[in-house]
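Just so you know, these numbers come straight off a predicted model, no measurement behind them. Numbered from 1 within each chain, the chains take letters A, B, ... in sequence-line order.
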2 protein chains.
Amino acid sequence: MNALKVETKEKIIEVAHEVFLEKGLQGARMQEIADKAGINKALLHYYFRSKESLFDAVFEKVIEEVIPEFSKKLQPSSKLEEVIRSFVEFYNNFFQENPQFPQFFFHEIWQNPDKLATFIKGQKNIKPDDIVNNIKKRLPPFYESDYLPQHMISNVMGMCLFPHIARPLFQRIFFGNDEEKYDHFLSERTDFLLTMLAGIELENKDQITDEPEEDF
Amino acid sequence: MNALKVETKEKIIEVAHEVFLEKGLQGARMQEIADKAGINKALLHYYFRSKESLFDAVFEKVIEEVIPEFSKKLQPSSKLEEVIRSFVEFYNNFFQENPQFPQFFFHEIWQNPDKLATFIKGQKNIKPDDIVNNIKKRLPPFYESDYLPQHMISNVMGMCLFPHIARPLFQRIFFGNDEEKYDHFLSERTDFLLTMLAGIELENKDQITDEPEEDF
DNA sequence: GTCTATATGCAGATAGAC
DNA sequence: GTCTATCTGCATATAGAC
């Protein structure tokens, strides 16, 4: 039956996603994936010739889920505050629901950057130049104009990313390894970031209207 | 000769460090380590019973190099600007000299958080409570007091970390995969961050009547 | 499509000579 | 301490029956 085939294949991808995210390409075992999918290794190889082809299927799906957010939310019409809000909300939320994602993703793209490149090229609606130009136009004055707009993306992404990817360390050092406290810390962080970033923007907006900068 | 023994062992740790950082515990091969050290696998096992014991030796050394900076620079006497400057300069510089470090470190601490805990306990001069309290007293007003001071550490660390750990992705999307341009981006980032952070602090200092420089 | 059984290769680890 | 040669186990992958 066709229905059954599809179900099995999707079940495989689902559990493979889980196992690969936890262990990585090298650390994952086909046996474990087969077990969790309720099948055996032979059937696994029936659907996916090799471990790597299975990994690619998972990785491509993951990329499609996350990378497009980079550009989708950076339309020319958006205000800077909206872009930031949108970024922070999406990524903080995503990382909270996929705690293993950051360490998996960054480890794997370092292991095989060229594979990443292939997948990115498949994403037609990413326009890096547009993104950079849009940001450039909307930068608050304290991002001095001779610095690259990419710094700002790094700031926002980095502040979202850090407490998630550093959780095993950070939770132990600063939260007595208390899961619950850390979850609360992560939950309040979206609010904190939006409040803080809005605050900074306000400070600077007032400055512009009152006293013009000598730079321009 | 004792000198020879030490040399071999240190050579092993040196190249193991290199290989583990690039490939991770699971991805690394004892054969490659032996080759790069100019010895064979048997001798490798003579010095280190198992792959994991070799890994531990490397990992412990790495931890000793990086984690103490978390606390060493947060002495009660330091001003907030100095703490931030010190953090940004150290970590940005360290990541630039050890590009593979972030993806290695965060991947491995997720693979084995308990091992991390053991190593951290070996670091006697880490006093998380002191660190948090010291920061709390020095927070500028836009870090509203009902938010945890840990947010601020996450901000500074995250902004330092991101462009390094995300390099394979970021360089491709926003720098046309140009190594040289990206190196320049990273080089100017320390300056950028210090300028930006100082700018924010200044804005807010105007609103403060006097510095939170109580006790000690 | 799904299974049992098996092949193949390789990586970690050991034995033992020098 | 250092080597050559070898063992052992395991993980990926295939053969072939149902």
Side-chain angles (χ1 to χ4, degrees), chain A residues 1-61 100 104 107-108 110-112 115, chain B residues 1-62 100 104 107-108 110-112 114-115:
Chain A
M1 332 255 126
N2 226 333
L4 268 180
K5 284 200 261 177
V6 174
E7 264 179 35
T8 304
K9 189 161 188 176
E10 301 216 320
K11 178 74 180 169
I12 291 174
I13 292 193
E14 184 191 322
V15 304
H17 176 269
E18 185 189 318
V19 175
F20 278 131
L21 244 77
E22 195 187 328
K23 310 275 176 69
L25 169 57
Q26 294 286 344
R29 296 290 164 252
M30 294 295 266
Q31 185 65 62
E32 185 181 352
I33 295 172
D35 290 347
K36 287 195 173 160
I39 58 174
N40 58 37
K41 284 189 290 178
L43 192 55
L44 201 50
H45 279 90
Y46 169 79
Y47 282 103
F48 298 90
R49 297 242 159 92
S50 65
K51 186 186 183 181
E52 211 179 327
S53 71
L54 173 54
F55 179 85
D56 287 353
V58 170
F59 194 69
E60 188 168 7
K61 228 184 146 196
Q100 293 271 6
F104 162 80
H107 179 70
E108 298 301 339
W110 274 91
Q111 294 313 304
N112 204 336
K115 187 177 288 180
Chain B
M1 309 282 284
N2 224 336
L4 268 180
K5 284 198 264 180
V6 173
E7 265 179 33
T8 305
K9 189 162 188 176
E10 302 214 321
K11 178 73 180 169
I12 290 174
I13 292 193
E14 185 191 322
V15 303
H17 177 269
E18 184 189 317
V19 175
F20 279 131
L21 244 77
E22 194 186 329
K23 309 276 177 71
L25 170 56
Q26 294 285 343
R29 296 289 166 254
M30 295 295 267
Q31 186 64 61
E32 184 181 354
I33 295 172
D35 290 347
K36 287 195 173 161
I39 58 174
N40 56 37
K41 282 190 290 177
L43 192 56
L44 200 50
H45 279 91
Y46 169 80
Y47 282 104
F48 298 92
R49 297 244 159 92
S50 65
K51 186 185 185 182
E52 212 179 327
S53 72
L54 174 54
F55 179 84
D56 287 353
V58 170
F59 194 69
E60 189 168 7
K61 228 183 146 196
V62 157
Q100 293 273 4
F104 163 80
H107 179 69
E108 297 301 338
W110 273 90
Q111 295 311 305
N112 204 337
D114 293 332
K115 186 176 287 181

Output the rounded distance in Å from [atom1] ([X]) to [atom2] ([N]).
| X | N | atom1 | atom2 | value |
| --- | --- | --- | --- | --- |
| B:E32 | C:dC10 | CD | C1' | 15 Å |
| B:I33 | C:dA13 | CD1 | C1' | 14 Å |
| B:L44 | D:dA5 | CG | P | 19 Å |
| B:I39 | D:dT4 | CD1 | C1' | 15 Å |
| B:K51 | C:dT14 | NZ | P | 15 Å |
| B:K41 | D:dT6 | NZ | C1' | 10 Å |
| A:M30 | D:dT12 | CE | C1' | 7 Å |
| A:E52 | D:dA11 | CD | C1' | 15 Å |

Picking from [options], which would you name as closest to the side chain of [X]?
| X | options | value |
| --- | --- | --- |
| A:N40 | D:dT4, C:dT4, D:dT12 | C:dT4 |
| A:Y47 | C:dT2, D:dT14, D:dT12 | C:dT2 |
| B:L43 | C:dA13, D:dT2, D:dA5 | D:dT2 |
| A:T8 | C:dA13, D:dA15, C:dT2 | C:dT2 |
| A:S50 | D:dA13, C:dG12, D:dT2 | D:dA13 |
| B:A42 | D:dC3, D:dA13, C:dA13 | D:dC3 |
| B:H45 | D:dT2, C:dA13, D:dT4 | C:dA13 |

Touch class at under 4.0 angstrom, heavy-atom based, for B:A34 against every strand present: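 If one applies the 4.0 Å heavy-atom cut-off, B:A34 turns out to touch nothing in the nucleic acid.
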
Donor-acceptor pair between A:D35 and A:Q31 side chains, under 3.5 angstrom: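 Per modelled atom types, A:D35 and A:Q31 side chains form a pair under 3.5 Å.
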
Candidate list A:E18, A:K23, A:H17, test side-chain contact (heavy atoms from CB on, under 4.5 Å), partner A:L21, passing option: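 Result for side-chain contact (heavy atoms from CB on, under 4.5 Å) with A:L21: A:H17.
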
Residue mapping more 5' on DNA chain C - nearest nucleotide basis, A:Y46 or B:Q31: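 Closest to the 5' end, via its nearest nucleotide, is A:Y46.
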
Residue closer to the 5' end of DNA chain D, A:R29 versus A:R49 (nearest nucleotide):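 Closer to the 5' end of DNA chain D: A:R29.
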
Heavy-atom donor-acceptor pair, A:K51 side chain to A:A28 backbone, under 3.5 Å: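 At least one qualifying donor-acceptor pair exists.
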
Polar side-chain atom of A:R49 near backbone of A:Y46 as donor-acceptor pair, under 3.5 Å: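 Not confirmed, A:R49 side chain does not pair with A:Y46 backbone.
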
Lys/Arg cation over aromatic A:F48: A:K9, 6.0 Å, 45° cone: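 Judged by the rule (NZ or CZ under 6.0 Å from the ring centre, within 45° of its axis), A:K9 counts as positioned above A:F48.
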
